[in-house]
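The structure appears below as structure tokens.
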Number of protein chains: 2
Amino acid sequence: MAIKSAPRPGGRSARVQAAVHKAVRDLQKEQGRDGLTVPAVASRAGVTPSTIYRRWGGLAQLLADVAVEQMRPDEPPADTGSFRGDLLAWLMQYFDEMSSTPGRAMLRDVLGTENHAGAGKCDGFIRQQIEAIRERALARGESPVPADSILSVVVAPLMYRILFADETPSANAIAALFEQCVTRT
Amino acid sequence: MAIKSAPRPGGRSARVQAAVHKAVRDLQKEQGRDGLTVPAVASRAGVTPSTIYRRWGGLAQLLADVAVEQMRPDEPPADTGSFRGDLLAWLMQYFDEMSSTPGRAMLRDVLGTENHAGAGKCDGFIRQQIEAIRERALARGESPVPADSILSVVVAPLMYRILFADETPSANAIAALFEQCVTRT
DNA sequence: GCTCCTAACGCAAAGTATTGGCTTTAGTGA
DNA sequence: TCACTAAAGCCAATACTTTGCGTTAGGAGC
């Protein structure tokens, strides 16, 4: 549940949000998910618990909000010189991250919330990165596979394996789906 | 987090579990997910809250346990006379259920829990139903598509759309993926 | 059928977390 | 600079969660 966009980047709301998010990330690193409570986060962030309850509603929604921000891509996909190279490299790093312990925790936090906004943003981030790769390919004169095909043929099956089958997709598994996608579409 | 299987089907453990599960289902129907607390469930089930905390650990795990049981198939897939017919009919009803409001809630409850057992069971239920359809097809002399293909080509993309894109797959969308699967595999 | 044994439950007392009412403050615009 | 508003702080009341300990139901051995 994202915040409406504070009045100004340097305003109090933004400062509080930043402090609370940082407190959550720090506490997760230091002591894992146990003992992570709203009062603990509030204390670490230097705010009162009621601030967090009022703004986020509770721990679950706060964790989802933090997780989404951590999933936001911090840089455009690496440029390897070709569509195939770019896409495969991005897939590898993305699913490596998502199948890690913290990655799975983020997915849980995001998907376990009643509010769907977080999951929608994840989908948006994925599409955004894929589109960036596709546009670069188009600029090179290549003819990249449609984004929806990549989502359906590669991303969705890998996500399913992480979420439902508790698998950690191997590089080979990722490459195999990738091949299906780029050859058959 | 399923219970170890009670000493006996008629034993006290089994009775308590049944009463608690029923209380959760009833309360969810009556008042939605708000106001659904451990004390409320305990009171409705005629047990003390500490029983629930000790056995399930908390509300989230209890909800996940109940959700998994509700996802358990209650009957084998309908027999329409052909592999294609059976599979398409099952897909339609399954994703109709999963994209409904209570279906989405079950998925949230199951995927939002730290313990992966619930999600693994969901995967198991899906495979079980698909295998039942495939075996019937084999008995008829048909040559059904491998279960893994169905999972990757049809189930995973539909699940992705429900979970991440907040879509409710149309009958056409399901049929289209189904065609891809049965024709290209 | 009787007795012993153990896992699971009830109860009640702490211990935490959450909520609501009201006050105070920071940031914005006149 | 002043007034206005949204958000935060503070504090008390309420609700939920955890824990220790006594009790009981169900199963095992005889």
Side-chain angles (χ1 to χ4, degrees), chain A residues 1-24 26-28 30-66 69 109 112-115, chain B residues 1-24 26-28 30-66 69 109 112-115:
Chain A
M1 179 172 292
I3 302 314
K4 297 287 178 186
S5 81
R8 271 216 221 162
R12 181 165 62 161
S13 285
R15 279 202 309 276
V16 168
Q17 159 155 359
V20 170
H21 276 215
K22 177 163 170 32
V24 170
D26 290 350
L27 288 175
Q28 276 182 328
E30 289 171 22
Q31 21 169 288
R33 311 176 72 64
D34 301 336
L36 189 67
T37 64
V38 169
V41 171
S43 164
R44 180 59 165 273
V47 302
T48 58
S50 61
T51 295
I52 293 178
Y53 287 116
R54 290 224 168 81
R55 235 173 116 163
W56 281 276
L59 185 62
Q61 286 139 295
L62 171 58
L63 290 179
D65 195 35
V66 172
E69 284 314 303
D109 291 342
T113 307
E114 185 141 12
N115 184 340
Chain B
M1 179 173 294
I3 302 314
K4 298 287 177 189
S5 81
R8 272 217 220 159
R12 183 166 62 163
S13 286
R15 279 201 309 277
V16 167
Q17 160 155 0
V20 170
H21 275 215
K22 179 164 168 31
V24 170
D26 290 351
L27 288 174
Q28 277 183 327
E30 289 171 21
Q31 22 169 288
R33 310 175 74 65
D34 301 336
L36 190 66
T37 65
V38 170
V41 171
S43 164
R44 174 59 93 86
V47 302
T48 59
S50 62
T51 295
I52 293 178
Y53 286 115
R54 276 201 247 262
R55 234 173 117 163
W56 280 277
L59 185 61
Q61 286 139 295
L62 171 58
L63 290 180
D65 194 36
V66 171
E69 284 313 304
D109 291 340
T113 307
E114 186 141 8
N115 183 340

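Throughout, protein chains are lettered first and strands after them, A, B, ... in sequence-line order, and every chain is numbered starting at 1. All values below were derived from every heavy atom in this structure, side-chain atoms included, with hydrogens, water molecules and symmetry-related copies excluded.
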Sort me out a list of protein N/O and nucleotides 13-17 of chain C N/O pairs below 3.5 Å, or just none if empty.
unit_1  : atom_1 : unit_2   : atom_2 : d
dA17(C) : OP1    : Thr37(A) : OG1    : 3.2

Pairwise N/O distances under 3.5 Å, protein to nucleotides 21-24 of chain C:
unit_1  : atom_1 : unit_2   : atom_2 : d
dG21(C) : O6     : Arg54(A) : NH2    : 2.9

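For the OP1/OP2 pair of dA7(D) and a distance below 4.0 Å, the side-chain nitrogens and oxygens of Ser13(A) include no atom meeting the criterion. Between dC9(C) and Arg15(B), no contact under 4.0 Å exists linking OP1 or OP2 to a side-chain N or O. Within the 4.0 Å cut-off from OP1 or OP2 of dG9(D), at least one side-chain nitrogen or oxygen of Thr48(A) is found.
Contacts of Gly46(B) with the nucleic acid, taken as non-hydrogen atoms under 4.0 Å apart, involve only primed sugar atoms and P, OP1 or OP2.
Trp56(A) places none of its side-chain heavy atoms less than 4.5 Å from the side chain of Val38(A). The shortest side-chain heavy-atom distance between Leu36(A) and Gln28(A) falls under the 4.5 Å cut-off.
With rounding to whole Å, Ile52(B) atom CD1 is found 14 Å from dC11(C) atom P. In this structure, the CZ atom of Arg55(A) is 14 Å from the C1' atom of dG9(D), given to the nearest Å.
Nucleotides of DNA chain C nearest to Val47(B) and Gly57(A) differ in position, and the one nearer the 5' end is that of Val47(B).
The side-chain contact (heavy atoms from CB on, under 4.5 Å) search around Gln31(A) returns Leu27(A), not counting sequence neighbours. Contacts of Arg33(B) classified as salt bridge (Lys or Arg N to Asp or Glu O under 4.0 Å), with partners at least two apart in sequence or in another chain: Asp109(B).
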For residues 40-52 of chain A, which side-chain N or O atoms pair as donor and acceptor with protein atoms under 3.5 Å away, sequence neighbours left out?
unit_1   : atom_1 : unit_2   : atom_2 : d
Arg44(A) : NH1    : Glu30(A) : OE1    : 3.3
Arg44(A) : NH2    : Glu30(A) : OE2    : 2.7
Thr48(A) : OG1    : Ser50(A) : OG     : 3.4
Thr48(A) : OG1    : Thr51(A) : OG1    : 3.3

Query raised in the report: Can you check side-chain contact (heavy atoms from CB on, under 4.5 Å) on Arg55(A) and Val20(A), steps first, answer last?
Result: CA-CA 11 Å; Arg55(A) 235 173 116 163; Val20(A) 170; over 6 Å; no

Query - Verdict with supporting geometry, Gln17(A) and Asp65(A), side-chain contact (heavy atoms from CB on, under 4.5 Å) - result: CA-CA 10 Å; Gln17(A) 159 155 359; Asp65(A) 195 35; 4.3 Å; yes

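Atom NE2 of residue His21(B) and atom CG of residue Leu63(B) lie 10.0 Å apart, to the nearest 0.5 angstrom.
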